[in-house]
Asks: 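Would you mind keeping the following structure in view while I ask a few things?
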Amino acid sequence: MIPFSTFTLDNGLQVLVHEDPTVQIAVMNILYDVGSRDEQPDKTGFAHLFEHLMFGGSLNIPNYDEPLQQVGGENNAFTNTDITNYYLTVPAANLETGFWLESDRMLSLSFDPTVLEVQRKVVVEEFKQRYLNQPYGDVWLKIRPLAYKVHPYQWATIGKEIKHIENATMNDVRDFFFTHYIPNNAILAVAGNVTHEQVRILSEKWFGPIPSGIKKSRNLVNEPLQTEKRSLTVQAKVPAHALYKSYHMQGRFSNDFYAAELLSDILSRGQSSRLYNQLVKERKIFTTISSFTMGSIDPGMFVISGRLSPGITPEAGEEELEKLIQGLLKEGLRAGELQKVKNQSLTAMEFEKVEVINRAMNLAFAALSGDANLINHESQLIEAFEEDDILNSGARILTEENSSVIYYHAEGLDA
């Protein structure tokens, strides 16, 4: 159980406080309700670019990292399809430094043209290194538009193409900032050796004067039900043939998400899992194979991917994968199989809570669902699932007409 209290400032900033006097640190996690799904199709990659720009100086503080490091603090951030998340850790006595830093960059960035050029180059280089110049790196640039035809999940968080970042103007940057980086579009979670009253006073002092903005209504087009299998064959200089198969599934805050997560664990969590045991260890069809859920807020993807053994084509590998899936759905689960993955999931959740920063981060994300107490209910939701729930979820998700497949062929290999 993670106890917490909450309040909302007049400008709309939602604040959550988790008190833990047993630690000597304090953490701040600011979740901005903006991700790559909020971008325009011709201006993608902006949410990720902003993750970088937010460390390039704000209105009154030219260097974010230096004052934080001087008080023994550290920080990081990440962006995905749905959110942009910033977090920092400081000795509890230096918490106000964190409030000073985070409030100033919520107030306004420096909008220094030099910073934009530097970070633009950093992001372009990241795009090239991770997605274009790395074996299999372009998979997510290809599988997303294959699976999504209208929803903005059709492009990766890094962006659809490099030129969108290269062509970003300062006006584009200003518009994006003042549309999304506003108090009423953010959730602040503070945890550690803090008190509710202390956090309330600091929040009023540092964030209270920031004016609320006009929160943009999110009117995303729902992805239509997929009714036929989609596939794409790729030839590239990679070490081995590979298969990537994705299926549409429910979003992160749907109850069915947990059933899909448990099914994914049954398929590929650990060396006793179905996929590893049958397709890697016993039959040697794949050298590696895994399944996972994307965990996106809007309906996302259930993905199975693997690299094939020499002499096995991606198409042949898919046939064997399909036999395994249909066998599981028809024959059901083995005795104790569901409880095993439940126990693994619940244990992982408990271990994650050991770190104070994870508690703050998960608390902010739970609040985004509309019910911050979800953080304390998830274990009960997981425990409640029965075998029929898992099999019914699999029967809905793992169908051929609901799949999008990339057959990744390695150039120069016979099979």
Side-chain angles (χ1 to χ4, degrees), residues 1-9 13-35 51 54 68 71-80 82-99 101-103 106 183 185-203 206-207 252-253 257-258 261 293 295-297 342-383:
M1 179 68 69
I2 297 178
F4 65 91
S5 55
T6 184
F7 59 90
T8 302
L9 300 184
L13 178 65
Q14 184 179 355
V15 184
L16 302 107
V17 185
H18 165 58
E19 301 180 24
D20 183 355
T22 67
V23 299
Q24 300 303 311
I25 61 170
V27 302
M28 294 178 67
N29 188 94
I30 298 188
L31 182 156
Y32 288 94
D33 186 10
V34 56
E51 178 197 321
M54 288 284 277
L68 186 65
V71 298
E74 54 185 33
N75 70 92
N76 214 326
F78 65 85
T79 313
N80 61 33
D82 305 306
I83 65 171
T84 309
N85 197 79
Y86 301 86
Y87 53 99
L88 63 84
T89 302
V90 290
N94 298 326
L95 176 60
E96 190 163 9
T97 299
F99 272 85
L101 288 168
E102 291 296 347
S103 64
M106 182 185 286
N185 199 47
I187 299 170
L188 168 63
V190 185
N193 199 339
V194 302
T195 67
H196 176 93
E197 185 63 14
Q198 174 194 18
V199 173
R200 187 192 64 77
I201 291 171
L202 290 174
S203 298
W206 291 105
F207 287 99
R252 178 63 180 81
F253 298 135
F257 170 81
Y258 300 99
E261 273 275 279
T293 62
S296 53
I297 291 176
K342 281 184 182 181
N343 293 342
Q344 290 172 329
S345 180
L346 295 172
T347 300
M349 289 171 63
E350 289 304 310
F351 272 116
E352 191 176 48
K353 292 175 184 176
V354 170
E355 297 291 335
V356 182
I357 188 61
N358 290 337
R359 286 178 244 160
M361 197 178 297
N362 292 339
L363 191 57
F365 188 69
L368 189 62
S369 75
D371 178 15
N373 215 32
L374 176 66
I375 194 171
N376 294 318
H377 292 160
E378 280 193 309
S379 58
Q380 296 168 11
L381 293 173
I382 291 170
E383 278 285 20

Asks: Mind listing the side-chain donor-acceptor pairs of residues 23-35 below 3.5 Å, one per line with the distance, residues two or more places apart or on another chain?
Replies:
unit_1 : atom_1 : unit_2 : atom_2 : d
Asn29  : OD1    : Asn85  : ND2    : 2.7
Asn29  : ND2    : Asn85  : OD1    : 2.8
Asp33  : OD1    : Arg218 : NH2    : 3.1

Asks: Would you say Pro3 and Glu19 make side-chain contact, with heavy atoms under 4.5 Å?
Replies: no
Asks: Check the angle between the aromatic planes of His196 and Phe7 and answer parallel, tilted or perpendicular using the 30° and 60° thresholds.
Replies: perpendicular
Asks: Kindly give the heavy-atom pair with the smallest separation between Ala372 and Leu363, and that separation in Å.
Replies: O-CD1, 4.1 Å
Asks: Please report the closest heavy-atom contact between Ala77 and Tyr87, naming both atoms and the distance.
Replies: N-CE2, 3.8 Å
Asks: If I take atom CG from residue Asn80 and atom CD1 from residue Ile297, how far apart are they, to the nearest 0.5 angstrom?
Replies: 7.5 Å
Asks: Taking salt bridge (charged side-chain N to carboxylate O under 4.0 Å, His left out) as the test, write out the residues that go with Glu261, two or more places apart.
Replies: none
Asks: Identify the two heavy atoms, one from Ala366 and one from Leu374, that lie closest to each other, and give their separation to 0.1 Å.
Replies: CB-CB, 4.2 Å
Asks: Please, which pairs that meet salt bridge (Lys or Arg N to Asp or Glu O under 4.0 Å) have at least one residue in residues 353-379, sequence neighbours excluded?
Replies: Asp20-Arg359, Arg252-Glu378, Glu350-Lys353
Asks: If you round to the nearest 0.5 Å, how far is CD1 of Ile187 from CG of Leu16?
Replies: 7.0 Å
Asks: Counting N and O atoms only, with roles assigned by atom type, does the side chain of Asn193 sit under 3.5 Å from a partner on the main chain of Ala92, one being a donor and the other an acceptor?
Replies: no
Asks: Does the side chain of Asn373 reach to within under 4.5 Å of the side chain of Phe4, using non-hydrogen atoms?
Replies: yes
Asks: When rounded to the nearest 0.5 angstrom, what distance separates CG in Leu188 from CZ in Phe207?
Replies: 5.5 Å
Asks: Do Leu95 and Val190 have side chains that approach each other closer than 4.5 Å (heavy atoms only, starting at C-beta)?
Replies: yes
Asks: Tell me, please, which residues at least two apart from Glu96 pass side chain to side chain donor-acceptor pair (under 3.5 Å).
Replies: Lys205, Trp206
Asks: Please check if atom CD in Glu74 has more than 12 non-hydrogen atoms from other residues, nucleotides or ligands closer than 6.0 Å.
Replies: no
Asks: Excluding sequence neighbours, so at least two apart, what forms side chain to side chain donor-acceptor pair (under 3.5 Å) with Thr79?
Replies: Glu51
Asks: Quick check for you: to the nearest 0.5 Å, what is the distance between Phe99 atom CZ and Leu202 atom CG?
Replies: 5.0 Å
Asks: Might you point out which heavy atoms bring Ala360 and Ala189 nearest each other, and give the distance in Å?
Replies: O-CB, 3.3 Å
Asks: Phe78: which residues meet the ring-ring contact (aromatic ring centres under 6.0 Å, His included) condition with it, sequence neighbours left out?
Replies: none
Asks: Ser379 and Met349: which non-hydrogen atoms are nearest, and at how many Å?
Replies: N-CE, 3.9 Å
Asks: Could you walk me through whether Asn75 and Leu68 pass the side chain to side chain contact (heavy atoms under 4.5 Å, CB included) check?
Replies: CA-CA 8 Å; Asn75 70 92; Leu68 186 65; 3.2 Å; yes
Asks: At their closest point, which heavy atom of Ala367 faces which heavy atom of Gln14, and how far apart are they?
Replies: CB-NE2, 3.9 Å
Asks: Starting at NE2 of His377, measure out to CE of Met1 and round the result to the nearest 0.5 Å.
Replies: 6.5 Å
Asks: How long is the straight-line distance from OH of Tyr258 back to OG1 of Thr293, given to the nearest 0.5 Å?
Replies: 11.0 Å
Asks: Would you say Thr6's side chain and Val15's backbone share a donor-acceptor pair under 3.5 angstrom?
Replies: yes
